Amino acid sequence: MASRASDSPIVTVPDARVLDVERIKADFPILSERINDKRLVYLDNAATSQKPREVINALLEYYRKMNANIHRGLHTLAERATSAYEHTRTHTADFIGGVKPEEIVFTRGTTESINLVAYTWGEQNIGEDDEILVSEMEHHANFVPWFQLAQRKGATIRKLPITVCGHLDLSDIDNLINEKTKLVAVSHMSNVFGTVNPVKDLAQRAHAAGALILTDGAQAAPHMPIDVTDLDVDFYAFSSHKMLGPTGVGVLYAREELYRDMPPFNYGGEMISQVGFDKVTFADLPYKFEGGTPNIADVIAFDAALSYLEKLGMENVHHHETEITRYALDRLSEVKGLEIQGPQDTSERGSAVSFTDKDIHPHDISTYLDYNGIAIRAGHHCAQPLMKFLGKVATARASFYIYNDRADVDALVEALIEMRRYFGV
Amino acid sequence: MASRASDSPIVTVPDARVLDVERIKADFPILSERINDKRLVYLDNAATSQKPREVINALLEYYRKMNANIHRGLHTLAERATSAYEHTRTHTADFIGGVKPEEIVFTRGTTESINLVAYTWGEQNIGEDDEILVSEMEHHANFVPWFQLAQRKGATIRKLPITVCGHLDLSDIDNLINEKTKLVAVSHMSNVFGTVNPVKDLAQRAHAAGALILTDGAQAAPHMPIDVTDLDVDFYAFSSHKMLGPTGVGVLYAREELYRDMPPFNYGGEMISQVGFDKVTFADLPYKFEGGTPNIADVIAFDAALSYLEKLGMENVHHHETEITRYALDRLSEVKGLEIQGPQDTSERGSAVSFTDKDIHPHDISTYLDYNGIAIRAGHHCAQPLMKFLGKVATARASFYIYNDRADVDALVEALIEMRRYFGV
Amino acid sequence: MMPLDEMYRDIILDHYRSPRGKKPIDAANVTAEGHNPSCGDDIKLEVEIKDNVLKDVHVDCKGCAISVASGSMLAETVKGKTFEEVSETAKVIRRMLKGEIDQPPDNIGDLGALAGVRQFPVRIKCALLAWVTLIEGLEKYAAEGREGRIVVSTEKDDEQ
Amino acid sequence: MMPLDEMYRDIILDHYRSPRGKKPIDAANVTAEGHNPSCGDDIKLEVEIKDNVLKDVHVDCKGCAISVASGSMLAETVKGKTFEEVSETAKVIRRMLKGEIDQPPDNIGDLGALAGVRQFPVRIKCALLAWVTLIEGLEKYAAEGREGRIVVSTEKDDEQ
Ligand SMILES: Cc1ncc(COP(=O)(O)O)c(C=O)c1O
Ligand SMILES: Cc1ncc(COP(=O)(O)O)c(C=O)c1O
């Protein structure tokens with residue numbers, strides 16, 4: 001394990017783009033845990049990331065110094081909590097390209113963010129015969145809400161197909177996005193293939209056809225610079241827990257005009273203006289969408305996660321992951337019997353690497369690796385349509401983040417080779 | 001401030017029912033904060049409670065030793081997190097009277113719990129001409145979802161009125177609950193009056209008329225023993241953050257048969273069985289209602305909050321609060337110009353005490369008290385219909401919990417007397 | 001002076017106890033209602049405006065000392081002023097409350113007493129309520145350019 | 001033996017590599033499909049049941065070594081047994097996997113090899129999938145008391 005690092009992670013001096021992974025590792029207490037008496041090699045980052053000391057301390061600090069319900073209180077604690085909570089909103093707005101704070105709504109996660117849009121904008125704008133174009137590589141979070149909405153409304157789900165190389169198949173896109181299309185739902189980065197999709201291009205096509213575009217940024221926001229204005233998307237959703245932040249916090253960005261016209265989602269305290277048995281009116285943006293006591297502590301600690309990433313620099317984070325992914329793809333291709341999914345070119349992909357062994361089931365791979373301290377994921381990755389396309393019930397997936405280095409990849413590769421000996425294949 | 005306490009809070013030996021408040025105080029780090037250079041007297045517990053060291057440490061422990069996404073993972077961390085998360089579910093089921101674990105669904109808070117019922121059971125079961133009976137003392141969380149549902153469906157909201165003493169007015173209850181009634185929505189304890197409502201009686205009446213009853217337990221669950229089976233309610237909702245637990249966790253209890261027939265709420269990962277472009281099927285209870293990554297860390301830390309309360313004993317908690325409320329009502333009645341809301345008899349009420357000063361606005365009361373280190377709440381308390389009934393725009397509210405003692409009440413009363421001198425009234 | 005005294009100056013408490021502008025007016029052509037959802041403050045303003053000049057104002061505020069005093073001072077100040085002058089005053093008050101101006105400027109008279117509120121961030125919106133409501137009402141009146149009663153409801157939590 | 005070896009015994013790996021019961025049967029009157037939503041394991045069982053006796057079984061399982069081996073052992077074990085005998089075996093396996101029985105009982109033969117799974121809690125449902133599916137199918141068949149193909153789909157995450 002890395003030695004205890006000084007204050008804050010920084011990039012090394014010689015090449016400003018290279019992360020000092022040794023120091024970063026030391027910022028994450030869990031990385032000194034031992035698993036089955038081995039050092040923890042955590043490669044399940046696409047499921048959730050680990051948290052640096054700064055984020056854990058922010059939680060402590062909140063509960064020790066300012067815990068109070070927000071917005072409603074006039075006392076000192078309530079004021080501290082409210083201002084920290086709203087500070088995170090502004091910070092988040094800056095993090096995704098400098099949008100307006102009131103365009104940021106806090107939810108529980110990407111899933112709730114997308115459901116919010118389906119229940120509000122969707123209920124209001126999707127009708128019979130309308131079409132929603134959903135890619136075949138979507139996580140269930142960006143598939144099932146649209147499938148159900150379409151069922152309720154008598155609308156049609158169209159499939160934006162994928163290729164064997166793990167790209168969107170855009171050959172028929174001019175037909176797929178047409179005058180009936182009301183929404184294009186596509187992920188910024190696939191959680192199975194790692195593919196980075198051409199969101200900006202799709203946004204243009206959607207808008208040209210009079211449709212909106214919702215982008216699932218759960219896998220992109222943690223790993224690369226995001227500018228939703230440049231991407232020109234209408235909705236963008238992501239989760240704190242995949243980007244160093246606490247569980248229980250999600251973000252929904254939407255353009256202000258859209259928010260204005262959308263009805264509220266959860267009704268209750270904080271989101272109203274006036275309430276009576278005869279009439280109810282709602283609060284202004286963004287409060288209209290944050291009914292009830294929000295997840296105050298975790299939103300406030302999410303701020304520390306954003307700061308940590310900014311200190312590293314999202315460009316550098318992206319650069320680091322490109323490097324490590326390149327190395328992983330190279331080394332994994334040496335392992336006999338392995339089939340690797342997704343694009344080979346690291347300029348087209350992020351750090352989630354799915355693979356299968358022709359003889360050994362992903363669950364057995366996962367159990368074997370875990371026995372060696374290596375945490376990966378095995379299963380359908382909440383992307384059953386994609387699995388069906390691949391003709392597989394499951395894959396194994398290793399996904400990398402800022403605290404992973406070549407030694408982690410080496411550990412993975414060596415264990416996979418060892419595994420084949422173990423199972424006698 | 002209390003001196004540093006030993007390990008765990010316990011009840012003193014001579015009278016097992018009396019809480020050792022001195023030791024309890026020492027378990028709450030925030031209570032040693034100084035506010036405007038005064039000791040913090042925290043009397044805003046109905047808004048949110050403070051958290052004992054055990055709960056804060058549970059968060060630390062989670063992020064340091066087991067952070068992982070749950071249910072989907074086969075590795076050691078995922079297994080630890082999953083089993084801790086499910087352990088909290090079982091614990092919660094026990095805490096409210098020993099129901100089945102699958103009858104417990106985790107949400108963000110009471111507000112989301114009630115909205116979940118409105119969006120699922122409500123959408124499916126409320127039709128034109130149906131009636132929903134809502135009490136006039138409800139928090140907006142148990143009012144606005146029904147108001148909006150009724151608007152969508154053409155159903156009718158009937159008002160269960162209240163009396164000047166802060167009770168439900170049951171004189172016309174036989175008319176109000178009738179064959180058209182589909183749901184009775186009532187709080188177990190009022191967050192303004194403190195009144196404990198006759199939920200069991202109302203449940204019987206509702207069931208006799210073929211209606212269901214949803215009880216908002218946000219103010220009751222933290223303060224007294226709860227047995228939802230004995231109460232015979234169909235739905236029961238409450239929030240972790242008001243009962244020593246972290247923000248961002250709520251609970252919905254519903255009878256299993258009801259859950260079975262209800263459609264899901266948030267669609268996405270974890271809540272599905274099979275997903276394809278042609279068909280989607282859903283997971284079993286309770287997972288069907290927990291789409292997406294839940295608030296894992298906070299659910300797990302909520303377990304420590306339940307344990308803390310159980311160590312004290314909910315009977316003892318209730319007894320302590322009855323005592324302190326009795327003392328507060330007595331002492332506040334000495335203050336000239338004060339009007340106190342809600343029942344006077346502590347056998348009919350909990351520890352939320354609302355009051356107004358005939359000369360000084362609640363906001364000014366709150367600011368003045370805060371300047372003296374005393375945190376109370378001032379406003380409409382998310383209960384505008386109740387405020388309208390009282391003919392007030394706001395009240396001040398002091399609400400007590402396990403770490404409050406007579407010295408806290410004395411500080412409040414003395415400051416209120418001082419305040420009248422300050423404002424020259 | 002301790003901060004509490006700086007907010008609750010005598011002049012504020014005086015306006016609070018006997019608010020100005022209580023007398024209803026007949027010829028109002030702008031009616032603006034403001035509401036502060038997080039505190040429950042309610043204000044109703046009636047203005048008679050003619051040739052761009054505020055002839056008369058009636059203020060009815062249910063709220064705390066700060067919002068009532070602020071509304072009362074508004075009633076005292078705006079009468080006889082033009083729309084532009086009133087807008088300017090509102091801007092100055094906002095900047096003063098946000099701490100962008102160090103000293104309260106001389107030309108706003110009693111209103112300078114509101115400066116002490118800036119040490120109580122959550123109360124700033126109480127001090128602004130009357131002004132936000134008035135300006136919204138006047139702007140809407142100006143934009144729609146017609147006589148008659150106009151009702152606006154402002155729910156902005158401006159200072160959150 | 002280290003825990004990993006206790007789970008992946010030779011006997012398990014043998015069943016995994018050459019699963020029994022692959023041959024389709026014609027006279028099936030119970031078809032039961034099981035699915036493990038969190039892992040993606042899929043199993044399809046076809047059973048010919050006559051006079052309460054399981055005459056023949058066909059197992060088609062797409063899943064991990066444990067679920068495939070468990071299905072394969074099921075195919076080997078249940079043929080010729082009564083409904084009650086099979087239910088009893090299923091119960092014994094469940095208790096063994098939950099650690100309620102210390103030693104695997106003698107009378108379940110190869111199935112005892114599944115005992116090592118109990119040290120891997122998340123894999124217990126893999127070992128149970130075939131059995132849960134079979135029992136649900138048989139119970140439904142018994143309850144509805146009629147001939148013909150019955151399809152049940154079990155999604156129980158029994159061990160969570
Ligand atoms: C009676 C009552 N119901 C519902 C709520 C809403 O709870 P939450 O904000 O945690 O969703 C509260 C607290 O604010 C309450 O006091
Ligand atoms: C691409 C993608 N979308 C959506 C989600 C759902 O995110 P959450 O579970 O945080 O709601 C995930 C992660 O599981 C994901 O990888």
Side-chain angles (χ1 to χ4, degrees), chain A residues 29-30 33 35 47-48 50-51 56 59-60 63-65 67-69 72-77 108-109 111-112 115 140-141 143-145 147-148 157 159 241 246-248 266-269 272 274-277 280 291-293 295-298 363 366-367 370 375 377-379 382 384-385 388, chain B residues 29-30 33 35 47-48 50-51 56 59-60 63-65 67-69 72-77 108-109 111-112 115 140-141 143-145 147-148 157 159 241 246-248 266-269 272 274-277 280 291-293 295-298 363 366-367 370 375 377-379 382 384-385 388:
Chain A
I30 204 171
E33 271 294 283
I35 301 294
T48 199
Q50 298 304 338
K51 324 300 173 199
I56 303 174
L59 284 172
L60 279 185
Y63 284 121
R64 284 182 182 160
K65 298 215 181 307
N67 175 61
N69 214 325
R72 287 176 278 189
L74 297 165
H75 55 73
T76 304
L77 297 179
R108 182 173 39 248
T111 304
E112 200 195 7
N115 277 274
H140 295 159
F143 180 96
V144 188
F147 186 90
Q148 294 297 123
I157 294 288
K159 183 203 289 181
H241 71 91
T247 59
N266 283 320
Y267 298 95
I272 55 85
Q274 301 203 284
V275 174
F277 274 85
V280 170
T293 303
N295 187 354
I296 304 169
D298 292 324
H363 293 181
S366 176
T367 298
D370 181 57
R377 183 126 312 211
C382 299
Q384 289 184 5
K388 212 166 289 174
Chain B
I30 204 171
E33 270 294 283
I35 301 294
T48 199
Q50 297 304 337
K51 324 301 173 197
I56 303 175
L59 284 172
L60 278 185
Y63 283 121
R64 284 181 183 161
K65 297 213 181 310
N67 174 61
N69 213 326
R72 288 176 276 189
L74 298 164
H75 55 74
T76 303
L77 296 179
R108 181 173 40 248
T111 304
E112 200 195 7
N115 276 274
H140 295 159
F143 179 96
V144 189
F147 186 90
Q148 294 297 122
I157 295 287
K159 183 203 289 182
H241 71 91
T247 60
N266 283 321
Y267 298 96
I272 54 86
Q274 301 202 284
V275 174
F277 274 85
V280 170
T293 304
N295 187 353
I296 305 169
D298 292 324
H363 294 181
S366 176
T367 298
D370 181 57
R377 183 126 312 211
C382 299
Q384 289 183 4
K388 211 166 291 175

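Letters go in sequence order (proteins before strands), and every chain restarts at 1. Predicted, not measured: the structure shown is a model, and the values here were computed from it.
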- Query: What option among P246(B), A297(B), P385(B) has the most heavy-atom pairs under 4.5 Å with chain A?
  - Reply: P385(B)

- Heavy atoms only, distances under 4.5 angstrom: which of V280(B), N266(B), T293(B) has the most pairs with chain A? Name it, please. N266(B)

Under a 4.5 Å heavy-atom cut-off, does chain B meet the side chain of [X], its backbone, both or neither?
{"X": "I296(A)", "result": "both"}
{"X": "Q148(A)", "result": "side chain"}
{"X": "I35(A)", "result": "side chain"}

- Query: Within 45° of the six-membered ring axis of F277(B) and under 6.0 Å from that ring's centre, is NZ or CZ of K159(A) located there?
  - Reply: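 Judged by the rule (NZ or CZ under 6.0 Å from the ring centre, within 45° of its axis), K159(A) counts as positioned above F277(B).
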
Could you tell me which portion of [X] (side chain, backbone, both or neither) has an atom closer than 4.5 angstrom to a non-hydrogen atom of chain A?
{"X": "T76(B)", "result": "both"}
{"X": "Y63(B)", "result": "both"}
{"X": "L74(B)", "result": "both"}

Residue pair [X] / [Y]: nearest heavy atoms and the distance that separates them:
{"X": "G269(B)", "Y": "C382(A)", "answer": "CA-SG, 3.8 Å"}
{"X": "Q274(A)", "Y": "Q384(B)", "answer": "CA-OE1, 3.1 Å"}
{"X": "P29(A)", "Y": "R64(B)", "answer": "CB-CG, 3.8 Å"}

- Message: Rounded to the nearest 0.5 Å, what separates atom OG1 in T367(A) from atom NE2 in H75(B)?
- Response: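 That separation rounds to 11.0 Å.
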
- Is there a donor-acceptor pair under 3.5 Å between the side chain of Q50(B) and the backbone N or O of N67(A)? yes

Who wins among [options] for the most heavy-atom pairs under 4.5 Å with chain B?
{"options": "N69(A), T247(A), D298(A), T111(A)", "answer": "T247(A)"}
{"options": "I272(A), L60(A), N295(A)", "answer": "N295(A)"}
{"options": "D370(A), V275(A), V144(A)", "answer": "V275(A)"}

